[in-house]
Amino acid sequence: MKIDVLTIFPEFFREVFDFGIIRRARIAKIVEINIHDIRSFTTDKHRMTDDRPFGGGDGMVMKCEPIFNAIEKIVGTAERENYPAGTRVVLLSPQGKVFKQSAAKKFADEAKHVILICGRYEGVDERVNDALVTDEVSIGDYVLSGGEPAAVVLADAIVRLLPNALGSETSAVNDSFTNENLLDCPHYTRPPDFRGMKVPEVLLNGNHAEIERWRKEKALEKTKKIRKDLLIKE
Ligand code: SAH
């Protein structure tokens with residue numbers, strides 16, 4: 001998979017993809033991640049990436065021209081119907097569809113090239129959304145000052161689901177939202193007794209069927225308590 005990030009703050013990404021699973025996936029060439037400065041796609045003298053909003057009001061709006069130029073260069077065309085198969089152009093936006101594990105899985109399974117557009121200020125000129133974007137995605141019902149943290153969230157959630165990205169120390173099969181939409185069960189490691197707090201006995205007895213049953217029960221218990229909404233079928 002190839003991930004291209006469009007941002008006016010490329011420095012933001014200097015080290016975020018250099019740790020753990022994502023770093024390993026990059027080294028193993030499971031994913032290639034490139035960061036692009038939107039400013040380098042400007043053509044005007046002042047290299048402007050934003051401008052005042054039509055209709056007046058506060059704040060600035062990100063201009064469409066540099067973003068169109070960037071997509072043309074990175075995808076090969078700025079015509080959405082001509083994007084190569086497996087191309088997803090994502091606009092990070094609080095107005096988008098809320099990102100879920102199921103969406104991460106779909107990207108991991110189906111996308112070959114993901115372009116993440118990070119907005120700033122009041123957002124991005126709507127013509128970017130109208131003409132270029134295949135997916136408008138939000139990471140939750142709150143407003144960030146920029147799309148960069150959201151781009152990191154998407155990239156991380158997607159890359160760890162790519163084939164062979166997870167090492168033996170991590171497994172996705174029992175992750176939250178994966179198995180029947182349950183939260184994950186609680187985990188413990190040594191020591192078995194820490195300041196008087198004991199690890200549940202069942203985990204120490206080596207009876208795998210019983211452990212499985214306990215884990216399932218705990219996952220269900222926690223989901224019921226904290227995220228009842230997950231148990232209601234959509
Ligand atoms: N005026 C806009 C918010 C702009 S916030 C509105 O109310 O809809 C500036 C940028 O931050 C956005 O363009 C977007 O790229 C990013 N952003 C903010 N909140 C986000 C969220 N919940 N999910 C994804 N991106 C978000």
Side-chain angles (χ1 to χ4, degrees), residues 1-17 22 31 33-42 47-75 78 80 83 87-108 110-111 113-161 176-177 227 229-230 234:
M1 177 181 279
K2 200 169 155 194
I3 299 178
D4 286 287
V5 182
L6 300 184
T7 173
I8 59 165
F9 295 125
E11 298 276 287
F12 182 95
F13 296 92
R14 203 194 266 160
E15 289 183 340
V16 275
F17 296 128
I22 310 296
V31 68
I33 305 179
N34 302 304
I35 312 299
H36 306 270
D37 187 349
I38 293 174
R39 199 172 302 281
S40 68
F41 295 96
T42 54
R47 310 188 75 200
M48 271 171 55
T49 57
D50 57 274
D51 208 337
R52 288 191 303 276
F54 277 125
D58 288 338
M60 298 299 268
V61 176
M62 294 199 33
K63 290 165 70 69
C64 48
E65 199 204 357
I67 297 177
F68 271 71
N69 291 343
I71 295 295
E72 225 149 39
K73 177 87 187 297
I74 293 164
V75 179
R80 193 164 41 202
Y83 289 167
T87 304
R88 311 305 303 174
V89 175
V90 177
L91 176 66
L92 283 325
S93 153
Q95 299 168 26
K97 197 167 167 200
V98 177
F99 192 60
K100 300 248 170 82
Q101 185 68 7
S102 52
K105 180 81 177 114
K106 216 163 144 53
F107 275 106
E110 296 169 13
H113 190 186
V114 180
I115 296 95
L116 302 171
I117 304 173
C118 306
R120 280 271 156 181
Y121 317 115
E122 293 306 309
V124 179
D125 188 305
E126 194 62 25
R127 287 167 289 189
V128 166
N129 213 356
D130 292 342
L132 299 177
V133 168
T134 60
D135 304 79
E136 187 178 8
V137 178
S138 165
I139 62 161
D141 292 344
Y142 39 80
V143 178
L144 302 167
S145 47
E148 287 78 8
V152 174
V153 168
L154 260 72
D156 188 305
I158 294 167
V159 170
R160 65 191 293 285
L161 294 178
S176 298
F177 319 113
R227 291 295 307 273
D229 59 295
L230 292 175
E234 280 171 20

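Whatever order the structure lists ligands and atoms in, that order sets their numbers, starting from 1.
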**Q** Below 3.5 angstrom, do we get any N/O pair linking Gly123 and ligand 1?
**A**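 For ligand 1, there is no N or O atom that lies under 3.5 Å from one belonging to Gly123.
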
**Q** What protein heavy atom sits nearest atom 25 (N) of ligand 1, and how far away is it?
**A** Ser93 N, 3.3 Å

**Q** For ligand 1, which atoms, with element, lie under 4.0 Å from some heavy atom of Gly146?
**A** 10 (C), 11 (O), 16 (C)

**Q** Just heavy atoms, cut-off under 4.0 Å: does Ile117 contact ligand 1 by side chain, backbone, both, or neither?
**A**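 Neither; no heavy atom under 4.0 Å.
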
**Q** Suppose we measure from atom 2 (C) of ligand 1 to each protein heavy atom; which comes out shortest, and what is that distance?
**A** Glu122 O, 3.4 Å

**Q** Could you list the donor-acceptor pairs under 3.5 angstrom formed between side-chain atoms of residues 136-152 and any protein atom two or more places apart in sequence or on another chain?
**A**
{"residue": "Glu136", "atom": "OE1", "partner": "Asn129", "partner atom": "ND2", "Å": "3.1"}
{"residue": "Glu136", "atom": "OE2", "partner": "Ser93", "partner atom": "OG", "Å": "2.8"}
{"residue": "Ser138", "atom": "OG", "partner": "Gly140", "partner atom": "N", "Å": "3.0"}
{"residue": "Ser138", "atom": "OG", "partner": "Gly140", "partner atom": "O", "Å": "3.0"}
{"residue": "Tyr142", "atom": "OH", "partner": "Ile139", "partner atom": "O", "Å": "2.9"}
{"residue": "Glu148", "atom": "OE1", "partner": "Arg120", "partner atom": "NE", "Å": "3.0"}
{"residue": "Glu148", "atom": "OE1", "partner": "Arg120", "partner atom": "NH2", "Å": "2.9"}
{"residue": "Glu148", "atom": "OE2", "partner": "Thr7", "partner atom": "OG1", "Å": "2.6"}

**Q** Starting from atom 6 (C) of ligand 1, locate the nearest protein heavy atom and write down its residue, its atom name and how far away it is, to 0.1 Å.
**A** Gln95 NE2, 3.6 Å

**Q** Backbone, side chain, both or neither: what part of Ala150 comes under 4.0 angstrom of ligand 1, heavy atoms only?
**A**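 Answer for Ala150: side chain.
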
**Q** How far is atom 19 (N) of ligand 1 from its nearest protein heavy atom, and which residue and atom name does that atom have?
**A** Leu144 N, 2.9 Å

**Q** To which protein heavy atom is atom 15 (O) of ligand 1 closest, and what is the distance rounded to 0.1 Å?
**A** Leu92 O, 2.6 Å

**Q** Could you tell me whether some N/O pair between Ile139 and ligand 1 is separated by less than 3.5 angstrom?
**A** yes

**Q** Considering heavy atoms of the protein only, find what lies nearest to atom 4 (C) of ligand 1 and give residue, atom and distance to 0.1 Å.
**A**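 Answer for atom 4 (C) of ligand 1: Tyr121 O, 3.4 Å.
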
